[in-house]
Amino acid sequence: ITSICKRHLSIIVFKGDAPQTVYYIPDFISEDEESYLLQQVYKAPKTKWTQLSGRRLQNWGGLPHPRGMVPEKIPDWLQAFCEKISSLDAFGGKTANHVLVNEYKQGEGIMPHEDGPLYHPTVTTISLGSHTLLDFYKPVSCMEGEAPQTEDNRYLLSLLVMPRSLLILQDEMYQHLLHGIQGQTHDLLTEQVVNLSFTGALPGETLTRGTRVSLTIRHVPKVMKMKLMLGRK
Ligand SMILES: O=C(O)CCC(=O)C(=O)O
Ligand SMILES: [Fe+2]
C-alpha cells in the first residue's frame with residue numbers, strides 16, 4: 001500500500017507482476033453538492049427506479065449491450081460530475097457516458113460480483129448520504145487445492161468509502177477481483193479496512209450505516225450510432 005500524498009490513497013495489489021490500483025479521494029464533492037445530487041436523484045420520476053433485491057437503481061446514459069449501447073442524453077445535473085471526473089483522465093481521455101445510481105437503505109447491500117466487459121476498465125464512484133464498506137474477493141478460479149471456496153476464504157480486503165468521497169478502481173483491481181457490500185447496519189472497522197487512515201475514522205470504531213446513494217460513473221466504449229441503426233432495419 002502506497003500513499004501518493006497525504007489525502008489520496010493509492011493501493012497497489014500485485015497479481016503476478018500486474019499492479020492493481022485504487023484511488024480514494026476524500027471530500028471530492030462539497031456538502032452543498034452532495035445535497036444537490038441527492039435532491040436530483042430523488043426528483044427523478046418513480047418509473048426511473050428499478051427495484052432489485054437489497055437495493056434499487058437508476059440507469060442513465062443507455063443500457064450497455066455487447067453490440068453497443070444505444071446512447072441516451074445524461075441530464076445536466078449528472079453530466080457536470082461526469083466531466084469533472086473525466087478531467088482527471090480516469091477514462092483514458094474519454095468522457096464518462098454512463099451512470100448507475102444505487103440506493104441502499106440501512107442493512108442493504110450487493111452480492112460480490114464483477115461488472116463485466118462492457119465498460120472501460122475503470123469504475124469511479126461518488127458516495128452520498130452514508131459511508132459503506134466495499135469488500136473485495138478473489139475470484140473462484142483463483143482458489144486451487146482442497147480448500148472449500150467460501151466467501152470467507154476468498155475475502156481479501158475492504159475499503160471504507162465515506163460520503164462525498166470518490167473511489168477510482170482501475171485495471172486488474174476492477175477486472176480481476178469481485179466486489180460487494182454486505183447487508184449490515186453497522187460496520188466494525190478492523191485492520192482489513194486498508195484505507196482507514198485516509199477516512200478520518202479510527203480502528204476499532206463501529207460506524208452506523210444510513211441510506212447510501214452511490215453514483216457509479218463509467219465510460220462505455222461501444223456505443224451504437226443512431227444513424228446506422230435507423231438505416232439498417
Ligand atoms: O454502490 C457501490 O459503491 C457499488 C455498486 C456496484 O458495484 C455496481 O453497481 O456494480
Ligand atoms: Fe459493481
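Whatever order the structure lists them in is the order used to number ligands and atoms, beginning at 1. Values in this document were obtained by computation on a predicted structure and should not be read as measured data.
Take D115 and apply the side chain to side chain donor-acceptor pair (under 3.5 Å) test, not counting sequence neighbours, and it matches H113, H179, R218.
Counting heavy atoms from C-beta on, the side chains of N102 and S214 come closer than 4.5 Å. Between D135 and I181, every side-chain heavy-atom pair lies at or beyond the 4.5 Å cut-off. The shortest distance between side-chain heavy atoms of S86 and K94 does not fall below 4.5 Å.
A cation-pi arrangement is not found for K138 relative to Y155, the charged atom failing to lie both closer than 6.0 Å to the ring centre and inside a 45° cone about the ring normal.
Relative to atom 6 (C) of ligand 1, the option among V101, I110, L57 with the closest non-hydrogen atom is I110.
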Would you list the atom pairs, donor with acceptor, under 3.5 Å between side chains in residues 65-77 and any protein atom, with sequence neighbours excluded?
unit_1, atom_1, unit_2, atom_2, d
H65, ND1, R67, N, 2.9
K73, NZ, D76, OD1, 3.1

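Only the side chain of D115 comes within contact range of ligand 1, with a heavy atom under 4.0 Å; no backbone atom does.
Atom numbering of ligand 1 starts at 1 in the shown order; those under 4.0 Å from a heavy atom of L100 are 9 (O). Taking every non-hydrogen atom of T125 and a distance limit under 4.0 Å, the qualifying atoms of ligand 1 come out as 3 (O). Under a 4.0 Å criterion applied to the non-hydrogen atoms of H179, ligand 1 contributes the atoms 7 (O). Remark: ligand 1 atoms within the under-4.0 Å shell around heavy atoms of Y104 are 1 (O), 2 (C), 4 (C), 5 (C). Near R212, with a cut-off below 4.0 Å to any heavy atom, the atoms of ligand 1 are 1 (O), 2 (C), 3 (O).
Here the CD atom belonging to Q106 is positioned 5.0 Å from the OG1 atom belonging to T185, to the nearest 0.5 angstrom.
The protein atom (non-hydrogen) at minimum distance from atom 9 (O) of ligand 1 is N102 ND2, 3.0 Å. In terms of protein heavy-atom proximity, atom 8 (C) of ligand 1 is closest to H113 NE2, 3.8 Å.
Within a radius of less than 2.8 Å around the Fe ion (ligand 2), the protein N, O or S atoms are H113 NE2, D115 OD1, H179 NE2.
Sorted by first and then second residue, the pairs that involve residues 41-54 and meet side chain to side chain donor-acceptor pair (under 3.5 Å), not counting sequence neighbours, are Y42-E103.
Using a 4.0 Å cut-off between charged side-chain N and carboxylate O, R55 and E108 make no salt bridge.
Residues N195 and S158 come closest through the heavy atom pair OD1-O, 4.3 Å.
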